[in-house]
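A note on names: the letters A, B, ... follow the listed sequences, proteins ahead of strands, and every chain is numbered from 1. Please read all numbers here as calculations on a predicted model, not as lab measurements.
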Amino acid sequence: MLRVVTLVKYTPDPTGDVGFADDGTVDRAAVDGQLSELDEYAAEQALRLAEEAGDAEVTYLTMGPSDAVGALRKALAMGGDRGVHILDDALHGSDVIATSRVLAAALSKLDYDIVLCGMASTDAGTGVIPALLAERLGIPQLTYAQSLALKDRTVRIERETDVAVETVEAELPAVVSVTDRSGDARYPSFKGIMAAKKKPVETWSLADLEVPGDEVGLGAALSATVSATKRPPRQAGPKVVDEGEGGVALADFLAAQKFI
Amino acid sequence: MSHVLVLVDAPEGEVRKSTLELLTLARRFGRPAAVVLQAADPAAVEQLGRYGAETVYVVDDPAARDFLVAPTVDALARVAGGLLKSGDLAGVLTGSSPDAKDVAARLAVRLGSGVVTDAVNVEAGDDGRPVAVQSAFAASYVVRSRFPAGVPVIAVKPNAVTPEEAPVEPAVEQVQISFTDLGKGARITSRTPREASGRPELTDASVVVAGGRGLGGAEAFALIERVADQLGAAVGASRAAVDAGWYPHSHQIGQTGKTVSPQLYLAAGISGAIQHRAGMQTSKTVVVVNKDPDAPIFELSDFGVVGDLHAVLPQFSQEIDRRRS
């Protein structure tokens, strides 16, 4: 059986007015949350792998406050079998180092052949969690896949860097992150949404993972926010309507700024 | 002062401007030392020295090129470990490409340190330790972070600072390492270099000219390219233009494409969806040509022209020629 674990994150709606709380963490209460759009691509690839394999199990894993279960329900509505929600007040304010430690502990408790992730979250957007999981689990990282194929126990991806297009291969188990070019995510059907409500979702605490609470969270962060200052909204400059001289006006402006 | 390791980005042997920026930032809180993961080209060593690298560590092993990310982590961890033993490591700076960020994060785990990615600046704090500056939520916030413990590892975006020379004669040290099995887990089985456009690399470029849906078709990118060449700029594209097949994905600017922060960003026919703004909002000067006066991109513009880019850009282009002749 192919065991696929897909990481999903519940993130503030990026079109909302997202900001920071007094303790320097993202203010998750201020804006409605949703399954991070970029994680939908990971869910899609998980479901495609499962459909190809036939004998497969798809588990979604998330970490976050109580409403983060929404990310699991949305993904389960697309398909898949079960969800695991790591929920513990001590996790509040965890940095990527602690987050990856907790997620790796949960993955070690789950059985997996392949761990699928989106390319980045839509809030913090560091994009380094897949690499950190590979580091902590001691398995290969295949990151930023534009396409992904599994043959026997070999996973092969195509990715694009600044300078080249690369094909990368590894033996399972492996961590794979996929981009928004890997294939459009399916829409949950009504039947899927109804079925998702009955799919099992377990809640795990830090104690379940044997991770001490004082080694994660805001107090243990190895990078600490000193200040988060709202930038004054950019003052829009002059706007001229082109009446035949728009290109000249643009050249005048750029010449005054010494760009020409 | 202790050493600050700088991971050198030098595709095809040529040191990128972003690496010179890292060397400049490193001098704010330590003495820069460069780590090169290929044969040390004398010209490259000379250039690294000119920007202040006192030592150039050379790890010339094909594994670093044949396997993804992990061997680079092995190499940096090895050099960092050596300096740490003598208490001589103040931090590590890498670039902010996806792979460089992965390297930074994995290295931080090995060093028991924290990591900050996508920094737009690095300052020296009151205690002499670095403070990383980031731009968050489509640049609506400036966030400063310090590192309470461990060796700060910071992945810095291009154009954080203007490179400043501080010439030294660098010592070159060859480092032999045996890579872990884990390091050789993800094998790069083929690599097709992108065709050189002759234009600056998008993420490094100090001027970017970008086109979007308003271009109306692939052929209109010729207008964008012409202006780009006149300004010595890189060419960017919005996701809409890339999805329509008008320009290659490698030029996409935005949340799922490249992030740029040039001195000048010219957006033509781009409405400015939040996903696009996430990729260009830290640009220093923004100018816009768009026929929709209500396009959100105008909120960011230092100068905007409401008009048809098919008329405005050719006139702009002629005007540049006229002023230069």
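Counting heavy atoms from C-beta outward, B:Ile188 and A:Thr167 have side chains that stay 4.5 Å or more apart. In this structure, B:Arg239 and A:Asp180 have side chains that are in contact, with non-hydrogen atoms separated by less than 4.5 Å. Here the side chains of B:Arg187 and A:Pro140 are not in contact, with every heavy-atom distance at 4.5 Å or above. Side chains of A:Leu222 and B:Ser113 form no contact here, defined as non-hydrogen atoms less than 4.5 Å apart.
Within the structure, side-chain hydrogen bond (donor to acceptor under 3.5 Å, both in side chains) pairs that include any residue of residues 132-142 of chain A comprise A:Ser100-A:Arg136, A:Glu135-B:Arg106, A:Glu135-B:Arg110, A:Gln141-A:Thr143, A:Gln141-B:Asp102, A:Gln141-B:Arg106 (at least two apart or interchain).
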May I have the list of side-chain donor-acceptor pairs in residues 251-260 of chain A shorter than 3.5 Å, sequence neighbours left out?
| residue | atom | partner | partner atom | Å |
| --- | --- | --- | --- | --- |
| A:Asp252 | OD1 | B:Arg323 | NH1 | 3.3 |
| A:Asp252 | OD1 | B:Arg323 | NH2 | 2.4 |

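Remark: A:Asp32 CG is loosely packed, at most 12 non-hydrogen atoms of other residues, nucleotides or ligands lying under 6.0 Å away. In the displayed structure, B:Asp127 atom CG is contacted under 6.0 Å by more than 12 heavy atoms of other residues, nucleotides or ligands. The number of heavy atoms from other shown groups lying within 6.0 Å of CD (B:Glu14) does not exceed 12.
Using a 4.5 Å cut-off between heavy atoms, A:Glu245 touches chain B through backbone and side chain atoms alike. Proximity to chain B involves both the backbone and the side chain of A:Val240, based on heavy atoms less than 4.5 angstrom apart. Residue contact with chain B, scored on non-hydrogen atoms closer than 4.5 Å, involves the side chain of A:Leu38 exclusively. Within the 4.5 angstrom heavy-atom criterion, only side-chain atoms of A:Arg159, from C-beta onward, approach chain B. Of the atoms belonging to A:Val26, it is side-chain heavy atoms, and not backbone ones, that fall under 4.5 Å from chain B. Of the atoms belonging to A:Thr179, not a single heavy atom falls under 4.5 Å from chain B. Both the backbone and the side chain of A:Leu250 come within less than 4.5 Å of a heavy atom of chain B.
Remark: A:Lys239 does not engage B:Asp302 in a salt bridge, criterion side-chain N to carboxylate O under 4.0 Å. Looking at B:Lys291 and A:Asp242, no side-chain N of the basic residue comes within less than 4.0 Å of a carboxylate O on the acidic one, giving no salt bridge. A salt bridge between A:Glu166 and B:Arg191 is present, with a side-chain N of the basic residue lying under 4.0 Å from a carboxylate O of the acidic one. Between B:Arg194 and A:Asp162, no side-chain nitrogen of the basic residue sits less than 4.0 Å from a carboxylate oxygen of the acidic one, so the salt-bridge criterion is not met.
The greatest number of non-hydrogen atom pairs below 4.5 Å with chain A, out of B:Ala70, B:Ser206, B:Pro98, B:Pro11, is found for B:Pro98. Comparing B:Asp99, B:Leu313, B:Leu231, B:Val73 by how many heavy-atom pairs each has under 4.5 Å with chain A, the most go to B:Asp99. Interface summary for chain A: among B:Val109, B:Thr117, B:Leu264, B:Asp118, the most heavy-atom pairs under 4.5 angstrom belong to B:Leu264.
The NE2 atom of B:His249 lies 6.0 Å from the CD atom of A:Glu160; values are rounded to the nearest 0.5 Å. The line from OG of B:Ser301 to CD of A:Gln235 is 11.5 Å long, rounded to the nearest 0.5 Å. Atoms CD and OG1, on B:Gln134 and A:Thr126 in that order, are 9.5 Å from each other to the nearest 0.5 Å.
With sequence neighbours left out, the ring-ring contact (aromatic ring centres under 6.0 Å, His included) criterion links B:Tyr141 to A:Phe20.
Of residues 4-11 of chain A, no residue lies under 4.5 Å from chain B by any heavy-atom pair.
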